[in-house]
2 protein chains.
Amino acid sequence: MPVHEKSETDTVVLREPADSHGIVAGTAHPLDVSDDTAAALKLWVVLSRAQVAVSAHVADDVARHGLTLTEFAILEALYHRGAMLLGEVQRRILVSSGGITFLVDRLVAKGLVERQECPSDRRARYAALTAEGEALIARIFPQHAAMIERVVGALSPEEQAAAASLLKRLGHGAAAAEFSSARGE
Amino acid sequence: MPVHEKSETDTVVLREPADSHGIVAGTAHPLDVSDDTAAALKLWVVLSRAQVAVSAHVADDVARHGLTLTEFAILEALYHRGAMLLGEVQRRILVSSGGITFLVDRLVAKGLVERQECPSDRRARYAALTAEGEALIARIFPQHAAMIERVVGALSPEEQAAAASLLKRLGHGAAAAEFSSARGE
DNA sequence: TATGATATTCTCAGTACTAAGATATATCGA
DNA sequence: TCGATATATCTTAGTACTGAGAATATCATA
């Protein structure tokens with residue numbers, strides 16, 4: 001692929017197909033931004049749509065076992081890594097501190113997880129799978145993985161690896177970026 | 001990059017760095033799946049993390065103007081495409097039918113959007129920007145686009161385009177895939 | 001014109017969180 | 001030792017939705 005010659009002043013007008021309903025109020029304000037800005041906006045849109053489309057399948061799959069996406073994420077993390085402090089689980093699955101308390105409470109009520117004291121820090125608690133929780137995740141994980149493989153199958157494994165590599169850098173970059181609200185923009 | 005020679009029976013064991021807390025319950029069940037399955041799982045994880053990281057910035061940005069992410073998405077769609085039927089907006093921003101009613105109600109209450117009758121179908125309503133809504137979105141869109149460009153800046157514009165292309169196919173494939181719960185798996 | 005199937009929006013109850021603050025514990029410097 | 005600050009979890013109130021179903025209108029076909 002030839003290297004794309006950039007120009008700071010290039011602009012592009014993105015248009016979408018006309019309203020098939022026949023009653024078009026008109027494309028009021030066509031997107032009139034630089035190529036680079038258009039690429040960034042496009043990436044944000046397709047990133048969100050892809051995530052929603054895939055997560056709909058994952059949520060549907062785990063719901064068949066009476067679990068939400070985040071509950072399953074906790075069980076999977078504990079299964080593959082062993083017992084973890086609540087704060088570690090929280091950072092790993094990206095929920096608020098109140099959220100992790102609520103979620104672990106729910107998993108405890110279901111008999112899948114238990115809290116354990118931390119000997120070196122009395123503020124902290126471990127979350128650990130119960131025998132029942134471990135049996136459940138061991139039973140459903142293989143078909144769960146197969147489902148994800150099927151759902152992302154529009155890309156070849158090599159393309160999946162390439163996409164993952166780009167997304168990893170994208171995610172790390174975004175996580176490290178300063179928030180607009182902290183920059184007085 | 002050389003082409004990766006695949007083998008159906010290859011397996012990989014993914015390990016993460018040991019618990020820095022010093023109290024490791026042990027990596028209970030290392031991920032022991034085929035290369036292809038590992039690639040799919042990895043893609044799902046980094047896709048979710050990247051989406052969360054970017055959307056945190058976008059939500060933070062629009063919150064400074066008193067808007068949620070979905071409210072902003074509606075305003076932006078109406079600004080760039082003109083008035084749309086509620087169902088069109090719903091499909092575009094991917095919320096439930098109850099959600100779009102609720103969201104448009106809220107935007108109407110804020111004075112940014114108004115409902116208009118559809119002359120050819122008396123069941124349907126248009127959502128259209130008010131003058132105030134149009135002024136707001138025209139004012140904040142440029143800096144919003146600049147923020148997104150900054151947040152996804154870990155990838156070059158060419159990489160952004162490559163990622164967008166892969167994600168578009170991924171999203172379409174996932175949206176077209178049959179749900180597990182409909183397949184009796 | 002009936003009739004059934006479909007489409008569009010809306011209502012309402014419920015769910016899965018988030019945000020801010022409270023409590024208890026730990027750490028560190030003076 | 002004491003105070004200040006930081007950390008880990010939990011509590012509570014609120015928010016942004018989803019999902020199921022109702023009400024209404026349209027369309028296709030006999």
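Note: hydrogens, waters and symmetry copies are ignored here, and every other heavy atom, side chains too, is used. Just so you know, these numbers come straight off a predicted model, no measurement behind them. Per chain, numbering begins at 1; letters A, B, ... match sequence-line order.
Look at A:R125 and you'll find a side-chain N or O under 4.0 angstrom from OP1 or OP2 of D:dC10.
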Using atom names, set out every protein N or O paired with an N or O of nucleotides 11-16 of chain C below 3.5 Å, distance rounded to 0.1 Å.
{"unit_1": "C:dA16", "atom_1": "OP2", "unit_2": "A:R106", "atom_2": "NH1", "d": "3.0"}

Pick out the pairs of N or O atoms, protein on one side and nucleotides 23-28 of chain D on the other, that lie under 3.5 Å.
{"unit_1": "D:dA25", "atom_1": "N3", "unit_2": "B:R123", "atom_2": "NH1", "d": "3.3"}
{"unit_1": "D:dT26", "atom_1": "OP1", "unit_2": "B:R122", "atom_2": "N", "d": "3.0"}

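Looking only at distances, no side-chain donor or acceptor of B:T37 sits under 3.5 Å from a matching main-chain atom of A:A145.
In this structure, A:H29 has its ring center no closer than 6.0 Å to that of B:F141.
Shown here is A:K168, whose NZ atom has no more than 12 heavy atoms of other residues, nucleotides or ligands within 6.0 Å.
Counting only heavy atoms from C-beta on, B:S96 has its side chain closest to D:dG19 among C:dT9, D:dT9, D:dG19.
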Test side-chain contact (heavy atoms from CB on, under 4.5 Å) on B:R125 and B:E114; report intermediate values, then the result.
CA-CA 10 Å; B:R125 306 281 144 73; B:E114 60 188 7; over 6 Å; no
Verify side-chain contact (heavy atoms from CB on, under 4.5 Å) between A:V45 and A:K42, making sure each step is shown before the conclusion.
CA-CA 5 Å; A:V45 170; A:K42 172 91 179 172; 5.8 Å; no
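Taking the C1' atoms of five terminal pairs at each end of the helix from C:dT1-D:dA30 to C:dA30-D:dT1, the two resulting helix axes are inclined by 30°, rounded to 10°.
Atom-to-atom, CE of A:M84 to C1' of D:dA8 comes out at 16 Å; the value is rounded to the nearest Å. Straight-line distance from the CG atom of A:L86 to the P atom of C:dT23: 20 Å, rounded to whole Å. Here D:dA8 presents its C1' atom at 14 Å from CD of A:E117, a figure rounded to the nearest Å.
Between B:I100 and B:V95, the shortest heavy-atom distance links the atoms N-CG2, 3.9 Å. Minimum interatomic distance between B:A154 and A:G173 (heavy atoms only, all atoms of both residues): CB-CA, 3.8 Å.
Note on A:R115 versus A:D105: salt bridge recorded, some NZ/NE/NH1/NH2 to OD/OE distance being below 4.0 Å. Here B:E178 does not pair with A:R150 in a salt bridge; the nearest charged N to carboxylate O distance is not below 4.0 Å. Residues A:R106 and A:E71 are paired through a salt bridge, judged by an N-O separation under 4.0 Å between the basic side chain and the carboxylate.
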